[in-house]
Structures are given as structure tokens and as C-alpha cells.
Number of protein chains: 2
Amino acid sequence: MRADALRNRERLVEVAQSAFATNGIETSLEDIARQAGVGIGTLYRRFPTREDLIAAVLAERYLKLAEVALVLAEEREDPDSALTEWLTLLVEHMALYRGLSIAVKEAMHDQTTALGRTCKEMIDGGARLLGEGQRAGVFRSDVTFSDVLALCSGIVTAAERRTEKAAADPDTPPLNPYLLLDVVLRGLRVEDR
Amino acid sequence: MRADALRNRERLVEVAQSAFATNGIETSLEDIARQAGVGIGTLYRRFPTREDLIAAVLAERYLKLAEVALVLAEEREDPDSALTEWLTLLVEHMALYRGLSIAVKEAMHDQTTALGRTCKEMIDGGARLLGEGQRAGVFRSDVTFSDVLALCSGIVTAAERRTEKAAADPDTPPLNPYLLLDVVLRGLRVEDR
DNA sequence: TGCTAAGCGGAGGCTGACTCCGTTTAGCGT
DNA sequence: ACGCTAAACGGAGTCAGCCTCCGCTTAGCA
């Protein structure tokens, strides 16, 4: 890869990251190219789809989440608190950019997209945490990890919506994602506790 | 309203309903106008926004849901089974058209949109069922009805996604919306049962 | 049967996705 | 130091869909 191409690539990811943060992941790609000072053609050459760009922006953070899952799985003796802690991180992560939670949910099982591939390790990490809790008899075992992820995505999209609303109309009741996560976790635990 | 205008309106709603069913609520409005045999201008005059059209398509069903909530609230002595039953209907309803669950969630608190106004009674009905359960000490009282709706929306979007996937790749694990609803309901119940 | 308000429809403007190809340039080999 | 060439660039152009505007048509009242 030529040095100039690498510079442009990095610049694009940087600009995309901040554009996603302020305008959500549906930001116009032409805007991103313009702000990065490159032509739209350059953006598309490097990132043929929007998801490729999103994946590039998220790559580091995903790896981090996957690592944390691994550490929690190995060092934490209590599977319940391990999953709770990790899902809290996940929810916070998915709330970073408006629209991200839906994109992640849509991509998560599709290894043909860049975003899907980038998700894989993170997902595996989460699935492992859930699985250990299930084996230990803490969580009900008829639920898959993607079920859990789907619910988390719901929590986040709800919180996003509420945040937007609160900006326009200050007396919107606040929605606490941690509360909803607590509801979900409680629902996941086995009956007899 | 002139007779021809009324005819066109009805035809549009009819076509929209079937288009939404096959292509989701993001179907091109120009397609809908074409299929209905009217100009795009006519569609926009009658339904200035996409949401107005969606609201018209859903109006009947929403009223039905609101009524059912009322009946359940008054006749059912057990608030738990009442909410369970009603949420099952709600989830089934939101799964009718791809994308609907997100649209409903986004519109639900915004009385300025037609869809929001159409939702109101249904939402009030659901909120009443939840409230009665909370007053009876069956459900935890720190959760609002819109929290519940957010989770249900998450369930439905997850199921939609899974259905699409299953069409392409037959060995996708099935996702059972009723199972997820059960997780949520379980999470909603108070600790000591 | 004439009149007119209500209704019609589609051309046209706009935005954003995505492609294609003539031009530019990094950086290797001499 | 200097060609040379593959790699990279960029933006004009095409396409799709949203939405508006306005001249034409017509239902249906008087």
C-alpha cells in the first residue's frame, strides 16, 4: 500500500469516526470524503460499502470487547457478574453512534460483510460468557447469545430515541439503559434463585 | 371529500398495505402510487408523509389492540396473564411489516405525527395493563411502559432479521419471539414470587 | 348545463449512492 | 538523479427516490 493511500485511509477513518459520533452512521459519505479532503472515488475504492467503513471505525473497540470477554471468562468465578459486566460494556459500546446498534444486530450473523467479520470475535466472547453461565445453571439454557444481543440492541435503540426526544422536549422521562439491561438479565436467570 | 378522491384514498391504502407486507414499510412511494394507478402528487396530497400512510394502513388494527387492552384490564382478574396475552398480540402486530416495529417505537411518543397519534390509544391501553400489574405488586414498578415497548420492538426486529436470513441460508437457527417475550416478562416480575 | 372549488398528475429540482475513466504521482530500478 | 509504470486520485456523470409546484381536469352543486 502506497504511503499516500495509507494516509488517506487513516484520515477517512478518523473523519468518519467523528462524523458518525455527531450525525449517526447514516451520515452522507460524500460529506465524509469532503471533510477528509479526498474525492468520493477514493472513499469508495478503500471502503466499497458503508459497512466496510463502519467496520474500520469499530475494529479496535471490537477487539477490546473480545479481549475483555476472554479475561472475564477466565478470571471471574461468578458467571452472572461476568455477563452483567460485559453486557454493560456492550450496551455502552453500541450506544456510541446513533444507528449503530441496529447495524451491528443486522450484520452480526453475516460473515460475508466486513462488519460481520469484525463482529465475530466479540460475539464469540459474549457467547462464551453466556454459555458458561448456562452450564453453571445460572442462566436459562433455551436462549441463544444472539437473542441476548437482540434485546440489548432494543435497549440501545430505545435509549437513542429517548435522547433525541429529550433534546427537543426537555420534560421527556429519562430512559435508563442500565435499568432495561437489569430487566433482561433478570429474565435470563433461571427460575429458582 | 369528493367521491373520486375517496376512491383514490382507499385504493392507496389498500395497495400500500400489500406493498408493505411484501417489501416492508420502506417501499418506494412512487411504486405505491403507480400500482394504485394515481400520480405521485395525489399520494402526497392525501398522505404528506410516509408515516401518514403507515398510520392509515394501521388505524383499524391499532383500535382493535386498544380495545383488547381495555377488555383485558376490566375482565381479567390476573394482571400477569393479561399483560402477557396483550404483549403477545402486540409483538405479532409489530411483526406484520418489516421495519414497522422500529417505526412504531420511534413514533410512539410523538403526538405531532399521525402515526404517533394513532398509537396513542393502543399505548394507553398497554400502559394501563402494566400499571395495574405494578399496583398489584406483580411487576416491578421502576419500569415504564415505553421501556417495555422498546424491548418488544427489539424482539421483533431481531425476529425480522432472522427471517430474512433464514430465506437465504436455510440452516440459520430459528428465533422464537415468544421465547424472548417470556424472558422480558420474567424480568419484569418482582423478585419474590 | 355552466361554474368553480376540489382534485389530479407528472415534470422538475434535490440529495445521496455509486461508477467509470482520464489524470496524477509515489517510489522502484537503473 | 531520473524515468517509468502501476497505483492511486478525483469528480463528472448516472441513477433512484423524495417531495413540490402548478397548469389541466372534473365532480357535482345550483
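Note that these values count all heavy atoms, side chains included, but never hydrogens, waters or copies made by symmetry. Here is how names work: the chains are called A, B, and so on, in the same order as the sequence lines, proteins then strands, and each is numbered from 1.
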Heavy atoms under 4.0 Å is the rule here; annotate nucleotides 13-30 of chain D 5' to 3' with B where the base is hit, S where only the sugar-phosphate is, and - elsewhere.
-> -----BBB-----BSS--

Can a side chain N or O of A/Asn8 be found less than 4.0 Å away from OP1 or OP2 on D/dC9?
-> yes

For C/dG7, does OP1 or OP2 lie under 4.0 Å from any side-chain N or O of B/Thr42?
-> no

Run the salt-bridge test on [X] and [Y] with the 4.0 Å N-O cut-off and return the result as yes or no.
X        : Y        : answer
B/Arg140 : B/Asp147 : no
B/Asp4   : B/Arg7   : no
B/Lys120 : B/Asp124 : yes

So do the side chains of [X] and [Y] get within less than 4.5 Å of each other, counting heavy atoms only?
X        : Y        : result
B/Ile32  : B/Phe20  : yes
B/Leu100 : B/Ile54  : yes
A/Asp52  : A/Arg46  : no
B/Ile123 : B/Leu149 : yes

Separation of atom [atom1] in [X] from atom [atom2] in [N], rounded to whole Å:
X       : N      : atom1 : atom2 : answer
A/Arg11 : D/dC9  : CZ    : C1'   : 16 Å
A/Ile32 : C/dG16 : CD1   : C1'   : 12 Å
A/Leu53 : C/dC18 : CG    : P     : 12 Å
A/Phe47 : D/dA8  : CZ    : C1'   : 14 Å

Axis-to-axis angle for the helix from C/dT1-D/dA30 to C/dT30-D/dA1, ends of five pairs each, to 10°, equals 10°

Are A/Lys64 and A/Glu60 close enough, and set up right, to give a salt bridge (Lys or Arg N to Asp or Glu O under 4.0 Å), and what steps lead you there?
-> CA-CA 6 Å; A/Lys64 190 70 178 290; A/Glu60 269 180 60; over 6 Å; no

Touch check for A/Arg46, heavy atoms < 4.0 angstrom, all strands: base, sugar-phosphate only, or nothing?
-> sugar-phosphate

